[in-house]
Amino acid sequence: MADKLVVEWPLCDGNGVCTFEAPELLEIDDDDNLIVLRDELTEADRPKAEAAVRVCPKHALRIERQG
Ligand code: SF4
């Protein structure tokens, strides 16, 4: 099963820093809410997802290993 990108919503303040690292996975809508476009990670997504996790100043992202 694919690993998942998980948002701890109470921690996320919608600053959007993560979207620059993984625009295929994350975006900010017109109301400054984070939108998860796709949370199941392919191998190709992994470096970008890991970068998004690293840069989040709120530590609101993590990768959950499945299976
Ligand atoms: S960088 Fe972190 S706090 Fe900012 S929008 Fe992304 S998940 Fe939310």
Side-chain angles (χ1 to χ4, degrees):
M1 204 191 289
D3 290 350
K4 261 184 141 179
L5 183 62
V6 176
V7 183
E8 295 291 344
W9 292 106
L11 299 178
C12 175
D13 69 359
N15 60 59
V17 176
C18 58
T19 65
F20 294 101
E21 300 296 339
E24 298 88 347
L25 304 173
L26 300 160
E27 74 176 24
I28 292 289
D29 73 8
D30 293 342
D31 297 320
D32 288 342
N33 296 311
L34 181 67
I35 305 291
V36 179
L37 300 171
R38 186 159 52 79
D39 67 355
E40 299 212 335
L41 302 177
T42 66
E43 276 310 305
D45 293 327
R46 180 169 289 278
K48 291 181 176 185
E50 288 174 348
V53 169
R54 263 199 313 275
V55 300
C56 174
K58 300 291 186 178
H59 305 290
L61 291 173
R62 63 188 160 83
I63 294 171
E64 199 171 87
R65 297 189 189 281
Q66 308 284 307

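Numbering starts at 1 and runs along the sequence shown. The figures here come from the full heavy-atom set of this structure, side chains too, leaving out hydrogens, waters and symmetry mates. All figures in this text were calculated on a predicted structure; none of them were measured in a lab.
- Looking at every heavy atom in both residues, T19 comes nearest to E27 through CG2-CA, 3.6 Å.
- Between the D13 side chain and the N15 main chain, a donor and an acceptor come within less than 3.5 Å of each other.
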For V53 and I63, run side-chain contact (heavy atoms from CB on, under 4.5 Å): C-alpha distance rounded to whole Å, both residues' side-chain angles, the deciding distance at 0.1 Å, then the answer. CA-CA 8 Å; V53 169; I63 294 171; 4.1 Å; yes
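- Summarising the geometry, atom NZ belonging to K58 is positioned 13.0 Å from atom SG belonging to C18; distances are rounded to the nearest 0.5 Å.
- Contact record, I28 with G14: CD1-O, 3.7 Å, taken as the closest heavy-atom pair.
- The distance from atom CD1 of I35 to atom CG of D29, rounded to the nearest 0.5 Å, is 4.5 Å.
- Separation of atoms CD (E21) and SG (C56) is listed at 11.5 Å; rounding is to 0.5 Å.
- Between R38 and E24 no salt bridge is recorded (no basic side-chain N to carboxylate O distance below 4.0 Å).
- Checked for salt-bridge contact, R54 and E50 miss the test: no charged N lies under 4.0 Å from a carboxylate O.
- Here the CD atom belonging to E64 is positioned 7.0 Å from the NZ atom belonging to K4, to the nearest 0.5 angstrom.
- Under a hydrophobic-cluster definition in which Ile, Leu, Val, Met, Phe, Trp and Tyr are linked whenever side-chain heavy atoms come within less than 4.5 Å, directly or via other members, L5 and M1 are assigned to different clusters.
- Between L34 atom CG and L26 atom CG the span is 5.5 Å, to the nearest 0.5 Å.
- Using a 4.5 Å cut-off on side-chain heavy atoms (C-beta onward), V36 and L25 make no contact.
- Side chain of D3 to main chain of Q66: a donor-acceptor pair is present (N/O by atom type, distance under 3.5 Å, no hydrogens or angles).
- Residues L61 and A52 come closest through the heavy atom pair CD1-O, 3.6 Å.
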